[in-house]
Every structure is written in structure tokens, then in C-alpha cells.
Amino acid sequence: MKRLLMEPDGWPCTYEECRPGFFVLGGDVLLKSEYGSQGYCSSGEAFAGSHELVVQPVTAVWQEFEE
């Protein structure tokens with residue numbers, strides 16, 4: 001079987017410095033758009049956090065495992 005993991009991709013940084021893509025904040029996975037620094041929560045709503053918040057960029061990785 002496979003499972004999808006979100007692994008750290010680089011060092012923690014501020015939301016403003018974060019590259020477009022997935023990031024983690026407070027245990028939630030969020031998405032930063034490449035258009036105008038907009039971000040989105042897992043619920044699909046716009047992310048309204050401060051640009052000075054420290055976030056952790058992540059990348060999705062498939063991992064094989066046995067049950």
C-alpha cells in the first residue's frame with residue numbers, strides 16, 4: 001500500500017518569505033498561491049493570517065508501507 005506524507009521542505013520561514021505551495025501552520029496544511037501571495041486553508045477559505053507568522057514549507061511524498 002501507499003500513503004501520502006507531508007514532509008518538511010526547507011527551513012521554517014515567515015509566510016511572506018514562503019514559496020508558493022503547501023505549508024504547515026499549527027498542525028494544519030495550507031496552500032500559498034503563486035498569485036498575489038494569497039493563501040488558502042484546508043476548508044478552501046482564504047487564509048487571513050499575518051505575513052509575519054512563521055510557517056514550515058512542506059512537500060507531498062508517497063511512501064510504500066505494509067499493513
Side-chain angles (χ1 to χ4, degrees):
M1 283 195 102
K2 288 186 176 183
R3 61 179 157 199
L4 185 60
L5 302 175
M6 300 304 276
E7 294 186 348
D9 185 13
W11 301 101
C13 58
T14 64
Y15 176 75
E16 186 172 20
E17 297 170 331
C18 187
R19 57 156 175 74
F22 293 108
F23 65 95
V24 173
L25 176 65
D28 289 327
V29 176
L30 298 101
L31 176 68
K32 182 175 181 182
S33 170
E34 61 186 18
Y35 303 107
S37 299
Q38 294 175 334
Y40 300 95
C41 300
S42 57
S43 65
E45 296 178 25
F47 173 67
S50 165
H51 286 262
E52 299 305 314
L53 287 173
V54 176
V55 301
Q56 172 63 60
V58 293
T59 189
V61 177
W62 285 104
Q63 180 185 62
E64 295 280 343
F65 75 101
E66 293 182 30
E67 287 188 56

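- The two residues P57 and C18 have their closest heavy-atom pair at CG-SG, 4.0 Å.
- Taking CE of M1 as the reference point, atom CD of E66 lies at 12.0 Å (rounded to 0.5 Å).
- Around the CD atom of Q63, the shell of radius 6.0 Å holds more than 12 heavy atoms that belong to other residues, nucleotides or ligands.
- Expressed to the nearest 0.5 Å, how far OG1 of T59 lies from CZ of F23 amounts to 14.5 Å.
- Aromatic ring pairs are classed by plane angle as parallel below 30°, tilted from 30° to 60° and perpendicular above 60°; the pair Y15 and F47 is tilted.
- Across V54 and L25, no two heavy atoms sit closer than the pair O-CD1, 3.6 Å.
- Residue V24 shares its hydrophobic cluster (ILVMFWY side chains chained together at separations under 4.5 Å) with M6, F22, V29, L31, V58.
- The side chain to side chain donor-acceptor pair (under 3.5 Å) check on E17 picks up T14, with sequence neighbours excluded.
- Across all non-hydrogen atoms, the minimal contact from G10 to Q56 is O-NE2, 3.0 Å.
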Verdict with supporting geometry, V55 and K32, side-chain contact (heavy atoms from CB on, under 4.5 Å): CA-CA 11 Å; V55 301; K32 182 175 181 182; over 6 Å; no
